[in-house]
Amino acid sequence: MDFWNVTLSLLAGLENTCLIFALTLVLALPLGLIISFGSMAKFKPLAYLIRTFVWIIRGVPLMLQIIILFYVPGFFLGQPIFTRFSSVVAAFVINYACYFSEIYRGGIESIPKGQYEAGQVLGMTKTQVFFKIVLMQVVKRILAPMSNEVITLVKDTALARTIMIVELIQAAQNFAGYGLMWPLFYTAVFYLAFVGILTLLFAYLEKKLDYYRW
Amino acid sequence: MSMLEVKNITKSFGKVEVLKDVSFSLEQGQVMSILGSSGSGKTTLLRCINFLEDADGGQILVDGECIFDGSAEKKLTAKEIRANQLHFGLVFQSFNLFPQYTALENVTLAPKLLAKERPDYKEKKKEIHAEIEENAKALLARVGLSDRMNNYPCQLSGGQQQRVSIARALALNPKVLFFDEPTSALDPELTGEILKVIRDLAQKDVTMVIVTHEIEFARGVSDRIVFMADGVVVEDGTPEEVLDKSKNAKTRAFLQKLNEN
């Protein structure tokens, strides 16, 4: 196995890593916002229900959630309803949405009441106040904790191999069967590059939002 | 007919009665100042009239039309409250400008959103927006900020921020403009520029209610002064009557204390 072949195999694994990463972000970012609204709902039973749900999802290992989502429906229904890939994505989306929801909640609650009131006395609707005034400020405030979560997500994708999805680590692990260990260490280069790009991206966003302060 | 009539407003927070039967009325073009020590209910009164707090009882009439009736069984809907709020403008003690928008955008944001509800918005969007911007620029010029229009609030001094927020409130042509201690968050050397703007508005016959601690300013700008203590209007009269000739012990004690400082 030469270096070039190993690189190609790892790149094939990286494709799944990227797919899980991208799908999770695209779906969990809006879902997290909805969950955060639920956890702040004035209707208390709903708020408690959502908070309990967030507690469970954050309290159980993601690896276990992946296993449950893939095996348990099949166990009851006689056959799996999700493919391996979609159960992994579903588990990631739900898990990350719960973490995101808490970051959103912190951000939203940190916006001073005066911002809402100023919009209100200017005749804006609640929706307008949220989207035109509050949300932009929330984004700026949560950028740093969000970058943490997003970077963690890159490496969490390796949990997909729990149910035999060949992502980056699994692709390298396959070589271990032939007695080749170095591809496993080599994966670190891919992760570092991935996270490096994200770090630059977040730095860029932070700079872009730096034009105003409170 | 009075421009604004406030009748028997009451408001409690839990067991604390903050407003007890507060009434006053205001004619078109009049300027009224509300004085009183902190905790006397001035700010709560302003917040109730502006629907930021839900008064427990009483009535509010604008131009003879009743916009709030505490005895009504049905609560006002969000839509009705919004429509009511547009009768008034409110300038906050802490400015509350939107930090992510320039001074000009702060002034144009609400009018542009409101214009979307006009039936001819789709056809005439460009003209409507141009008109709104034109008006906003004129308002910012009026408060002396023509050259800072494209600055963000964080690039402006406190006094300049408060002037933007006055322009922002004026942009919707309120029938009555309320000020909640507009200079309290400012350094003493910056209060002058705000007071000058308010004086200027008073000369142009803008109907205003000003909660303030600046006695001499209130004397100069107001047609009427209301003195509040413990959630009650203790006195209501011309500046002379309230500030110089008051016989009420509470008023005199309050003025005395201010003089000592």
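Residue numbers begin at 1 in each chain, while the letters A, B, ... track the order of the sequences.
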Any residue of residues 73-112 of chain B which, by heavy atoms, sits under 4.5 Å from chain A: B/R82, B/Q85, B/L86, B/F88, B/L90, B/F92, B/N96, B/L97, B/F98, B/P99, B/Q100, B/Y101, B/L109, B/A110
Please look at B/R168 and chain A and tell me whether the side chain, the backbone, both or neither of the residue comes under 4.5 angstrom of a heavy atom of that chain. both
Let me know if A/Y116 has heavy atoms under 4.5 Å from chain B in its side chain, its backbone, both or neither. neither
Check whether more than 12 heavy atoms from other residues, nucleotides or ligands sit under 6.0 Å from atom NZ of A/K132, and answer yes or no. no
Do other residues, nucleotides or ligands put more than 12 heavy atoms under 6.0 Å from the CH2 atom of A/W55? no
Chain B: which of A/G119, A/P112, A/A118 shares the most heavy-atom pairs with it under 4.5 Å? A/A118
Distance col, row B/L113:CG vs A/M124:CE, nearest 0.5 angstrom, shows 5.5 Å
Please classify the contact between A/Q128 and chain B as side chain, backbone, both or neither, with a heavy-atom cut-off of under 4.5 Å. side chain
Take atom OH in A/Y48; do more than 12 heavy atoms of anything else shown fall under 6.0 Å from it? no
Exceeds 12 heavy-atom contacts within 6.0 angstrom, atom CZ of B/F13: yes
